[in-house]
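All remarks here apply to the structure that follows.
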Amino acid sequence: MLYSSTVLPLILKGDKYIKDLIELLSPLYKKEFGFGQEVTVPLFTALHSTSESILILLQERAIFDADILLRTVMEGTIKYCYLLTGDLTERKEKYEEYKNKLTDIDKISDHYKAKKTIEILNLFSTKSTKPFESYLLKHDELEDLQKLYSKKIRTVIKERWSYQHILKELASADDMYKAQLGTLSTYSLTSHFIHYDWTGLSMW
């Protein structure tokens, strides 16, 4: 009864807010905004959609499931804000890292994960592994990417896009982000729900 009387009205209020926001901002692609919209608009719409999913889960009282999605929205929102800060040169550098460099780094990581998956599957099955083979890079492509991004460079770039680092950078540049520093604990905590370790399970 308490949940229905206190939380459900807030869910309805939040739902109206995000629907009004998307209507207010339409059309999302604006000619005058120019550079970078091919990155920021899809990110914004994905965040909007997942936020609605969170409200649906909360309506069904699936609080811990909602928290898992909330973690993704928190991370996406911080990245969205980060991409929009700085002068044009800084923003171009961020777009390049977010859209291209991080994607290249993920290709390296996904290649080795797929390779390991195929090796394990082949121990127990003779069925096709084609779905996983699509993530394997050709030898030359893998070699070129690894030359371009050494392990040290990969670590530096990934760290630069971590939740903690981005939020710290935003708070250093603008006081309004300091209020969000408290989310560092929530962000860390919800990883336990995702991995179903005992720390997270014991909170259910």
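- Atoms OH and NZ, from Tyr135 and Lys113 in turn, are 11.0 Å apart once rounded to the nearest 0.5 Å.
- Scanning all heavy atoms of the two residues, the minimum distance from Tyr29 to Gln37 falls at CA-OE1, 3.3 Å.
- Here the straight-line distance linking atom CG of Leu83 with atom NZ of Lys99 works out to 12.0 Å at 0.5 Å rounding.
- A donor-acceptor pair under 3.5 Å links the side-chain atoms of Thr77 to the main chain of Val73, judged by distance alone.
- Enclosure of atom CH2 in Trp198 is not indicated, since only 12 or fewer non-hydrogen atoms of other residues, nucleotides or ligands lie within 6.0 angstrom.
- For the pair Lys79 and Ile166, the tightest heavy-atom approach, listed with the atom from each and the gap, is CG-CD1, 3.8 Å.
- Connection of Ile78 to Ile68 is not established within any shared hydrophobic cluster, with ILVMFWY side chains joined at heavy-atom distances below 4.5 Å, either directly or through further cluster members.
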**Verdict with supporting geometry, Tyr112 and Leu137, side-chain contact (heavy atoms from CB on, under 4.5 Å)** = CA-CA 9 Å; Tyr112 284 108; Leu137 301 172; over 6 Å; no

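- Taking the centre and axis of the six-membered ring of Phe35, the NZ or CZ atom of Arg91 falls outside the cone set by 45° and 6.0 Å.
- Residues Arg71 and Asp67 form no side-chain contact, since every pair of their non-hydrogen atoms from C-beta on lies 4.5 Å or further apart.
- Between Leu2 and Ser5 the shortest side-chain heavy-atom distance falls below 4.5 Å.
- Put simply, the side chain of Ile22 reaches to within 4.5 Å of the side chain of Leu28, judged on heavy atoms.
- With rounding to the nearest 0.5 Å, the separation of CG in Leu69 from CD1 in Ile194 is 9.0 Å.
- Between atom CZ of residue Phe193 and atom CD1 of residue Ile63 there is a gap of 10.0 Å, rounded to the nearest 0.5 Å.
- Nearest heavy-atom pair, Ser191 versus Ser188, reported as atom, atom and distance to 0.1 Å: OG-O, 2.6 Å.
- A salt bridge does not link Lys101 with Glu96: none of the charged nitrogens is closer than 4.0 Å to a carboxylate oxygen.
- Listed by chain and residue number, nothing satisfies the salt bridge (charged side-chain N to carboxylate O under 4.0 Å, His left out) test with Lys31 (two or more places apart in sequence, or in another chain).
- A chain of hydrophobic side-chain contacts below 4.5 Å, direct or via other Ile, Leu, Val, Met, Phe, Trp or Tyr residues, connects Leu70 to Tyr3.
- Taking a 6.0 Å sphere around CD of Glu90, one finds it holds more than 12 heavy atoms contributed by other residues, nucleotides or ligands.
- When only modelled atom types and interatomic distance are considered, Tyr163 and Thr183 share a side-chain donor-acceptor pair under 3.5 Å.
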**Prompt:** Should Lys168 and His165 be marked as a side-chain contact (heavy atoms from CB on, under 4.5 Å) after you check the CA-CA gap, both sets of side-chain angles, and the distance that decides it?
**Reply:** CA-CA 5 Å; Lys168 184 180 176 183; His165 181 85; 5.7 Å; no

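- No continuous path of hydrophobic side-chain contacts links Trp204 to Val7 [ILVMFWY only; heavy atoms under 4.5 Å].
- In this structure, Lys130 and Glu133 have side chains that are in contact, with non-hydrogen atoms separated by less than 4.5 Å.
- Tyr17 and Leu12 are not part of a single hydrophobic cluster, where members link through side-chain heavy atoms under 4.5 Å apart.
- With hydrogens and angles ignored, the 3.5 Å screen pairs no side-chain donor or acceptor of Lys107 with any backbone N or O of Glu141.
- Residue Asn122 is tested with Thr126, Ile120, Ile118 for a side chain to side chain contact (heavy atoms under 4.5 Å, CB included); the sole match is Ile118.
- Few gaps surround CD on Gln146; more than 12 heavy atoms of other groups in view lie less than 6.0 Å from it.
- Both tests pass for Lys94 against the ring of Tyr82: distance under 6.0 Å to the centre and angle within 45° of the axis.
- Cluster annotation: Leu10 and Leu8 are assigned to distinct hydrophobic clusters (Ile/Leu/Val/Met/Phe/Trp/Tyr, side-chain heavy-atom contacts under 4.5 Å, transitive).
- When all heavy atoms of Leu167 and Tyr177 are compared, the pair lying nearest together is CD1-O, 4.2 Å.
- Of all heavy-atom pairs spanning Lys158 and Ile105, the tightest one is CD-CG2, 4.1 Å.
- Classification of Lys178 and Asp175 as a salt-bridged pair holds, one side-chain N sitting under 4.0 Å from a carboxylate O.
- Scanning all heavy atoms of the two residues, the minimum distance from Ile153 to Leu148 falls at CD1-O, 4.0 Å.
- To the nearest 0.5 Å, atoms OH (Tyr149) and CG (Leu102) are separated by 8.5 Å.
- The distance from the CG atom of Leu57 to the CZ atom of Phe64 is 13.0 Å, given to the nearest 0.5 Å.
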With a cut-off of 3.5 Å and sequence neighbours excluded, list every side-chain donor-acceptor pair involving residues 39-56.
| residue | atom | partner | partner atom | Å |
| --- | --- | --- | --- | --- |
| Thr40 | OG1 | Gly36 | O | 3.4 |
| Thr45 | OG1 | Val41 | O | 3.1 |
| Thr45 | OG1 | Pro42 | O | 3.0 |
| His48 | NE2 | Ile18 | O | 2.9 |
| Thr50 | OG1 | Ala46 | O | 3.0 |
| Ser51 | OG | Leu47 | O | 2.7 |
| Glu52 | OE2 | Lys19 | NZ | 2.9 |
| Ser53 | OG | Ser49 | O | 3.3 |

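- Under the 4.5 Å side-chain criterion, counting only non-hydrogen atoms from C-beta, Ser162 is in contact with Glu159.
- Between Lys16 and Asp20 the shortest side-chain heavy-atom distance falls below 4.5 Å.
- At a cut-off of 3.5 Å, with distance as the only test, a side-chain donor of Ser4 or Arg61 sits close to an acceptor on the other residue.
- Within the 4.5 Å cutoff, the side chain of Phe132 has no heavy atoms near those of the Lys115 side chain.
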**Request:** Let me see the working for Leu142 and Lys138 under side-chain contact (heavy atoms from CB on, under 4.5 Å), right down to the final yes or no.
**Result:** CA-CA 6 Å; Leu142 178 62; Lys138 292 179 181 179; over 6 Å; no

